[in-house]
Engineer: 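Quick one: this structure, given as structure tokens, is what I'll be asking you about.
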Amino acid sequence: MQALSVFEKGLALPYSDSYTLNLNAGNSAFALNDFNKALEYYSAAEAANPKKSSPILNKANTYLKLKRWGDARSNYQKFVDMDGDNAQTPKIKILIGLLDAQIENDRLAHSFNIRGTLLTAVAGLASA
């Protein structure tokens, strides 16, 4: 918590390194399990230097913690597109495949839940 406070104070200073301070503030917020705040800082770091891939990877990891599979997947893909030679890229590509499967499983589960609800409603009407 103290580190996050230091980064926030640094961001208030004129001519501060917005990219580095926001990235580190995001990492501190992430470590504190304040994932929504971490996303804010990572997004600010990305805006401060759109050519850097670290904030995008960190956002993807944060979305994963929040179980926001689609957002995690799109950020992992953006990271791979930006930094395909990164040593983490092969593992991230596997993770993207796993996220695709999770997203499809969630879609199917939602579809079955809707069907089950409709069938229950129809059965209730038929017995009435």
Side-chain angles (χ1 to χ4, degrees):
M1 182 116 172
Q2 187 177 2
L4 183 56
S5 177
V6 170
F7 294 128
E8 288 173 339
K9 287 178 185 174
L11 284 165
L13 298 173
Y15 309 109
S16 64
D17 181 354
S18 177
Y19 169 77
T20 301
L21 289 170
N22 276 298
L23 185 65
N24 288 321
N27 292 340
S28 293
F30 186 94
L32 294 169
N33 294 323
D34 189 346
F35 302 122
N36 290 315
K37 192 72 151 172
L39 285 172
E40 289 177 30
Y41 288 119
Y42 293 144
S43 293
E46 180 183 7
N49 193 340
K51 293 182 180 184
K52 297 275 191 174
S53 62
S54 293
I56 287 124
L57 179 58
N58 291 358
K59 281 173 52 176
N61 292 333
T62 306
Y63 283 127
L64 196 62
K65 285 284 194 179
L66 293 169
K67 299 181 180 181
R68 290 175 52 181
W69 313 132
D71 291 326
R73 190 217 182 277
S74 65
N75 277 272
Y76 283 126
Q77 186 61 58
K78 185 175 180 181
F79 173 82
V80 168
D81 292 346
M82 287 179 74
D83 200 0
D85 294 332
N86 188 291
Q88 297 180 69
T89 297
K91 290 180 182 178
I92 291 171
K93 286 181 177 180
I94 292 168
L95 183 55
I96 289 170
L98 293 171
L99 284 166
D100 286 341
Q102 180 65 50
I103 291 165
E104 179 62 10
N105 284 340
D106 288 353
R107 186 191 68 75
L108 290 172
H110 180 72
S111 176
F112 285 126
N113 284 341
I114 290 172
R115 286 186 198 149
T117 302
L118 289 173
L119 289 173
T120 301
V122 169
L125 289 174
S127 65

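The figures here come from the full heavy-atom set of this structure, side chains too, leaving out hydrogens, waters and symmetry mates. Note that the structure is a prediction, hence the values are computed from the model and not measured.
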Engineer: May I have all residue pairs that pass salt bridge (Lys or Arg N to Asp or Glu O under 4.0 Å) and include part of residues 75-97, sequence neighbours excluded?
Structural biologist: Glu46-Lys78
Engineer: If I compare all heavy atoms of Leu21 with all of Ser16, which pair ends up nearest, and what's the gap?
Structural biologist: CD1-CB, 3.6 Å
Engineer: Provide the closest heavy-atom pair for Ser28 versus Ala3 in the form atom of the first, atom of the second, distance.
Structural biologist: OG-CB, 3.9 Å
Engineer: Please evaluate residues Leu4 and Asp34 with respect to the criterion side-chain contact (heavy atoms from CB on, under 4.5 Å), reporting the C-alpha separation (whole Å), side-chain torsions for both, the decisive distance (0.1 Å), and the verdict.
Structural biologist: CA-CA 11 Å; Leu4 183 56; Asp34 189 346; 5.7 Å; no
Engineer: Could you list the cluster mates of Ile94? Members are the ILVMFWY residues connected by side-chain heavy atoms closer than 4.5 Å, either directly or through other members.
Structural biologist: Leu98
Engineer: Do the side-chain N and O atoms of Gln102 and Asp106 include a donor-acceptor pair separated by under 3.5 angstrom?
Structural biologist: yes
Engineer: Give me each pair satisfying salt bridge (Lys or Arg N to Asp or Glu O under 4.0 Å) with a member in residues 95-104, each pair once, sequence neighbours excluded.
Structural biologist: Arg73-Asp100, Glu104-Arg107
Engineer: With Ser74, which residues qualify under side chain to side chain contact (heavy atoms under 4.5 Å, CB included), at least two apart?
Structural biologist: none
Engineer: Just to verify, what does Asp71 make a salt bridge (Lys or Arg N to Asp or Glu O under 4.0 Å) with, not counting sequence neighbours?
Structural biologist: Arg68
Engineer: What are the two closest non-hydrogen atoms of Ser43 and Lys59, and how far apart are they?
Structural biologist: OG-NZ, 3.7 Å
Engineer: Suppose we screen for side chain to side chain contact (heavy atoms under 4.5 Å, CB included). Which residues come up paired with Lys9, at least two apart in sequence or across chains?
Structural biologist: Ser5
Engineer: Closest approach of Ala45 and Pro55, non-hydrogen atoms and distance?
Structural biologist: CB-CG, 3.9 Å
Engineer: What residues, two or more places apart in sequence or in another chain, satisfy side-chain hydrogen bond (donor to acceptor under 3.5 Å, both in side chains) together with Asn75?
Structural biologist: none
Engineer: Run the side-chain hydrogen bond (donor to acceptor under 3.5 Å, both in side chains) test against Gln88 and tell me which residues pass, sequence neighbours left out.
Structural biologist: none
Engineer: Only counting residues at least two apart or in another chain, list the ones meeting side-chain hydrogen bond (donor to acceptor under 3.5 Å, both in side chains) with Asn49.
Structural biologist: none
Engineer: Nearest 0.5 Å, what's the CG-CG distance between Asn22 and Asn58?
Structural biologist: 12.0 Å
Engineer: About how many Å separate CG of Leu99 and CG of Leu95, when rounded to the nearest 0.5 Å?
Structural biologist: 4.5 Å
Engineer: With ring-ring contact (aromatic ring centres under 6.0 Å, His included) as the rule and sequence neighbours excluded, what pairs involving residues 68-97 come up?
Structural biologist: none
Engineer: Other members of the hydrophobic cluster containing Leu23, with the 4.5 Å side-chain heavy-atom rule, please.
Structural biologist: Tyr19, Phe30, Phe35, Leu39, Tyr42, Tyr63, Leu66
Engineer: To the nearest 0.5 Å, how far apart are CG in Asn27 and CZ in Phe7?
Structural biologist: 8.0 Å
Engineer: What are the two closest non-hydrogen atoms of Ala48 and Ser18, and how far apart are they?
Structural biologist: CB-OG, 3.8 Å
Engineer: Spell out, yes or no, whether Val6 and Leu11 are grouped together once hydrophobic residues are joined by side-chain heavy atoms under 4.5 Å, including indirect joins.
Structural biologist: no
Engineer: Applying side chain to side chain contact (heavy atoms under 4.5 Å, CB included), can you list everything that pairs with Ala31, at least two apart in sequence or on another chain?
Structural biologist: none
